[in-house]
Structure formats: C-alpha cells, structure tokens
K.L.:
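To start, I am sharing the structure in question, which I have written as structure tokens.
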Amino acid sequence: MSKHKRIGNLDDLITAAKSLRRKPVLAVVSAEDDAVLKSVSAAMREGIVTPMLFGDLKKIERLARSWRISLRGMTIISETDPTAAARAA
C-alpha cells in the first residue's frame with residue numbers, strides 16, 4: 001500500500017505542496033509576462049514555491065508595479081535574451 005495520498009484536484013496538490021519540508025524552486029524563463037507574474041506570485045503567497053525568474057529585469061519590475069505584485073522573496077536573474085535566459089535556468 002502506498003503511503004502517498006492520491007492527488008485528485010488542485011486543492012489536493014496545494015495541500016500536498018504545503019506539507020513539503022522544503023518548497024520547490026520554480027524557475028521561469030521569459031518571466032516578463034502578466035499571467036506569469038500573477039501565477040508565480042499566487043503560488044508564492046500559497047507557500048508552495050520559491051520563485052526564480054529569468055528575464056528582462058526592467059520589464060518584470062514594471063509589470064509587477066502595474067499589477068501591484070511584490071517581488072520580495074523572488075530571485076530575479078536579469079537576462080534580456082530569451083535563449084540565454086533559458087540556458088541560465
């Protein structure tokens with residue numbers, strides 16, 4: 001019998017992620033995107049990931065300000081070239 005609980009929906013996944021001793025690092029390339037920043041911010045607020053963003057720092061900061069998203073606690077690697085950002089991740 002398995003000691004792991006079956007994950008059947010998003011709530012189960014969030015609960016399982018919150019129970020981890022160490023939060024997984026979520027590396028995101030080309031992070032200068034509204035939907036990406038909103039999603040990563042929400043996951044961090046839920047306490048299920050430690051974000052590491054790769055992309056154009058100025059664009060990421062501008063988007064975060066426009067959506068009132070805090071970048072505190074997120075590691076940001078500034079790289080304007082998407083290919084270089086993908087290699088760095």
Side-chain angles (χ1 to χ4, degrees):
M1 180 178 238
S2 174
K3 63 181 177 180
H4 299 289
K5 182 181 175 195
R6 183 176 179 277
I7 295 175
N9 58 45
L10 184 58
D11 289 334
D12 291 345
L13 179 63
I14 291 170
T15 299
K18 285 181 177 181
S19 72
L20 296 174
R21 288 186 188 144
R22 290 184 55 208
K23 290 184 254 181
V25 174
L26 175 64
V28 180
V29 177
S30 297
E32 58 278 325
D33 178 86
D34 294 25
V36 168
L37 285 179
K38 289 177 185 178
S39 299
V40 169
S41 177
M44 192 173 96
R45 276 194 318 273
E46 285 287 339
I48 59 175
V49 298
T50 300
M52 180 176 276
L53 308 179
F54 295 80
D56 187 321
L57 177 63
K58 290 181 182 180
K59 288 181 181 178
I60 292 169
E61 289 176 333
R62 189 173 347 152
L63 283 172
R65 274 193 307 275
S66 72
W67 288 103
R68 294 187 173 137
I69 294 172
S70 172
L71 298 175
R72 180 173 287 158
M74 298 185 196
T75 300
I76 303 172
I77 308 300
S78 186
E79 181 54 69
T80 57
D81 177 57
T83 302
R87 286 189 185 121

K.L.:
Taking side chain as C-beta onward, heavy atoms only, is Ile48 less than 4.5 Å from Leu13?
P.N.:
no
K.L.:
With hydrophobic residues grouped by side-chain heavy-atom distances under 4.5 Å, do Met44 and Val36 end up in a single group?
P.N.:
yes
K.L.:
Shortest non-hydrogen contact from Ala35 to Asp33?
P.N.:
N-OD2, 3.1 Å
K.L.:
Side-chain heavy atoms under 4.5 angstrom apart, residues restricted to Ile, Leu, Val, Met, Phe, Trp, Tyr: same cluster for Met52 and Leu37?
P.N.:
no
K.L.:
Compare every heavy atom of Lys23 with every heavy atom of Thr50, then report the nearest pair and how far apart it is.
P.N.:
OG1-CB, 3.7 Å
K.L.:
Do you know which two heavy atoms are closest between Val29 and Ala89, and how far apart they sit?
P.N.:
CG2-CB, 3.5 Å
K.L.:
So which atom in Ala27 and which in Phe54 form the shortest heavy-atom distance, rounded to 0.1 Å?
P.N.:
CB-CE1, 4.0 Å
K.L.:
Using a 4.5 Å cut-off on heavy atoms from C-beta on, say whether the side chain of Ser41 contacts that of Met74.
P.N.:
yes
K.L.:
Measuring from Glu32:CD to Arg62:CZ, what's the distance to the nearest 0.5 Å?
P.N.:
10.0 Å
K.L.:
In terms of hydrophobic clusters joined by side-chain contacts under 4.5 Å, are Leu63 and Leu26 together?
P.N.:
yes
K.L.:
Please give me the minimum heavy-atom distance between Asp12 and Arg6, naming the atom from each residue.
P.N.:
OD2-O, 4.0 Å
K.L.:
Taking atom CD1 of Ile76 and atom CG of Leu71, what is their separation to the nearest 0.5 Å?
P.N.:
4.5 Å
K.L.:
With rounding to the nearest 0.5 Å, note down the distance linking NZ in Lys59 to CG in Leu57.
P.N.:
12.0 Å
K.L.:
State the CG-CG distance between Asp56 and Asp81, to the nearest 0.5 angstrom.
P.N.:
11.0 Å
K.L.:
What are the two closest non-hydrogen atoms of Ala16 and Ile7, and how far apart are they?
P.N.:
CB-CD1, 4.0 Å
K.L.:
What about Val25 and Ile60, same hydrophobic cluster or not, with Ile/Leu/Val/Met/Phe/Trp/Tyr joined at side-chain heavy-atom distances under 4.5 Å?
P.N.:
no
K.L.:
Answer yes or no: does atom NZ of Lys58 have more than 12 heavy-atom neighbours from other residues, nucleotides or ligands under 6.0 Å?
P.N.:
no
